[in-house]
Amino acid sequence: FTSIGMFGTTFNTPLSPRTCTLSVGNVGVRPRVTGLEVKPLLSVWLTVTYDHRVLDGGEVARMGNSLRSYVENWSA
């Protein structure tokens with residue numbers, strides 16, 4: 001896990017010696033499409049970098065989709 005967003009970076013793909021790295025970009029208000037409307041909403045880039053020799057791409061994609069769903073439906 002790495003938090004590149006604290007440096008103001010929106011998106012990054014790090015090369016890591018780890019099997020799997022989750023990078024979090026900065027959180028900011030960006031235009032998002034919801035239904036048929038474009039609204040200013042909080043948004044963040046989450047990037048998963050992984051070693052395809054160790055992890056299957058389908059499993060990583062499913063994990064990323066689950067994480068996205070969790071973040072989009074999270075409430076404080």
Side-chain angles (χ1 to χ4, degrees):
F1 180 79
T2 182
S3 179
I4 58 172
M6 67 182 175
F7 301 111
T9 303
T10 302
F11 178 83
N12 192 10
T13 305
L15 295 176
S16 173
R18 308 283 184 231
T19 301
C20 186
T21 302
L22 174 66
S23 298
V24 180
N26 68 336
V27 178
V29 177
R30 297 181 183 90
R32 297 288 310 264
V33 176
T34 58
L36 298 175
E37 297 179 312
V38 177
K39 298 179 181 179
L41 298 172
L42 284 176
S43 181
V44 64
W45 281 97
L46 299 175
T47 308
V48 178
T49 306
Y50 65 98
D51 186 340
H52 68 92
R53 297 169 296 179
V54 179
L55 298 170
D56 178 64
E59 291 294 322
V60 175
R62 282 187 282 281
M63 183 276 302
N65 193 43
S66 294
L67 181 61
R68 179 180 59 96
S69 178
Y70 177 78
V71 169
E72 286 179 347
N73 296 303
W74 178 72
S75 61

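All residue numbers refer to positions in the sequence shown, counting from 1.
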Name every donor-acceptor pair, under 3.5 Å, that has one atom in a side chain of residues 54-64 and the other anywhere in the protein, sequence neighbours excluded.
| residue | atom | partner | partner atom | Å |
| --- | --- | --- | --- | --- |
| D56 | OD2 | G58 | N | 3.2 |
| D56 | OD2 | E59 | N | 3.4 |
| E59 | OE2 | R62 | NH2 | 2.9 |

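- Cluster partners of V33 are V38, counting Ile, Leu, Val, Met, Phe, Trp and Tyr whose side-chain heavy atoms approach within less than 4.5 Å, directly or via other members.
- Taking the side chain as every heavy atom from C-beta outward, L46 and V24 approach each other to under 4.5 Å.
- In terms of heavy-atom proximity, R30 sits nearest to S43 at NH1-O, 2.6 Å.
- Rounding to the nearest 0.5 Å places CD of E72 at 10.0 Å from CG of L67.
- Here L42 pairs with V27, V29 under the side chain to side chain contact (heavy atoms under 4.5 Å, CB included) rule; sequence neighbours left out.
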| message | side-chain contact (heavy atoms from CB on, under 4.5 Å) for T47 and L22? Distances and angles first, verdict last. | response | CA-CA 6 Å; T47 308; L22 174 66; over 6 Å; no
